[in-house]
Each structure stands twice: as C-alpha cells, then as structure tokens.
> 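Can you keep this structure in mind? I'll have questions shortly.
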Amino acid sequence: MPKMKTKSGAAKRFRRTSKGYKHRQSFRNHILTKKSTKRKRQLRHLKDIAPADVPLIKRMLGD
C-alpha cells in the first residue's frame, strides 16, 4: 500500500493542537487602512476549526 500523502496547502494553513486544529483568520492581508484597529487586533489570533470540518482536515493532513 502506498504512503499517505499530505495536502501541502493544508499543511501550511492548519495547525494540530491538543484539542483539535487551528487556522489563521482571513481578511488580514490587504486593504488594512479602512479596517479598525480593534478589528485587525482581533483577527491576529488563531481560531479553532469547527467540529464539523475536523474529519475533512484530518483527511487532508493524513492524521
């Protein structure tokens, strides 16, 4: 049986944690001048993956 391959795009976007998976939030790349400081600050942190999406992420990462 061949080795399980990881989707390299998913490997760059998702991080495994003890409780599940996390990812970086969107809307933080460009056109930042019109976004408020509060909004940009809150987008800094990693966010948990929804439980419904965990099986898909597991399959992409080969876990």
Side-chain angles (χ1 to χ4, degrees):
M1 190 169 176
K3 280 201 260 184
M4 186 86 141
K5 285 193 175 180
T6 300
K7 300 279 186 196
S8 60
K12 294 169 195 174
R13 286 171 172 80
F14 304 109
R15 295 278 169 265
R16 180 96 172 92
T17 63
S18 60
K19 294 180 180 180
Y21 294 90
K22 289 195 168 205
H23 72 101
R24 201 176 126 226
Q25 294 191 63
S26 52
F27 304 109
R28 186 72 170 87
N29 287 323
H30 60 99
I31 317 175
L32 297 171
T33 50
K34 63 173 76 170
K35 293 171 188 151
S36 69
T37 311
K38 179 183 178 181
R39 184 173 165 194
K40 289 186 281 190
R41 184 175 62 245
Q42 288 175 339
L43 288 170
R44 260 183 228 154
H45 309 291
L46 295 176
K47 196 169 184 192
D48 292 327
I49 299 285
D53 295 327
V54 169
L56 179 67
I57 303 297
K58 275 188 177 179
R59 194 161 62 239
M60 287 193 287
L61 295 177
D63 288 346

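Quantities reported herein were computed from a predicted structural model and do not represent experimental measurements.
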> May I have the list of side-chain donor-acceptor pairs in residues 34-41 shorter than 3.5 Å, sequence neighbours left out?
{"unit_1": "K35", "atom_1": "NZ", "unit_2": "F27", "atom_2": "O", "d": "3.3"}
{"unit_1": "K35", "atom_1": "NZ", "unit_2": "H30", "atom_2": "O", "d": "3.2"}
{"unit_1": "S36", "atom_1": "OG", "unit_2": "R39", "atom_2": "N", "d": "3.2"}
{"unit_1": "K40", "atom_1": "NZ", "unit_2": "L32", "atom_2": "O", "d": "3.2"}

> With ILVMFWY side chains joined below 4.5 Å, transitively, what does F14's cluster contain besides itself?
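Y21, I49, V54, L56, I57, M60, L61, listed by chain and number.
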
> If you round to the nearest 0.5 Å, how far is CZ of R16 from NZ of K19?
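Reported value, rounded in 0.5 Å steps: 13.0 Å.
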
> How far does CG of L43 sit from CG of N29, to the nearest 0.5 angstrom?
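The CG atom of N29 is 10.5 Å from CG of L43, to the nearest 0.5 Å.
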
> How long is the span from the CD atom in Q42 to the CZ atom in R28, to the nearest 0.5 Å?
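Spacing of CD (Q42) from CZ (R28) equals 11.5 Å.
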
> Between atom CD of Q25 and atom NE2 of H45, what is the distance when rounded to the nearest 0.5 Å?
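These two atoms lie 8.5 Å from each other.
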
> Is it the case that over 12 heavy atoms from other parts of the model lie below 6.0 angstrom from the NZ atom of K58?
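No, the 6.0 Å shell around NZ holds no more than 12 heavy atoms from other groups.
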
> Should R13 and R24 count as side-chain neighbours, where that means a heavy-atom distance under 4.5 Å?
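The answer is no; the side chains never approach within 4.5 Å.
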
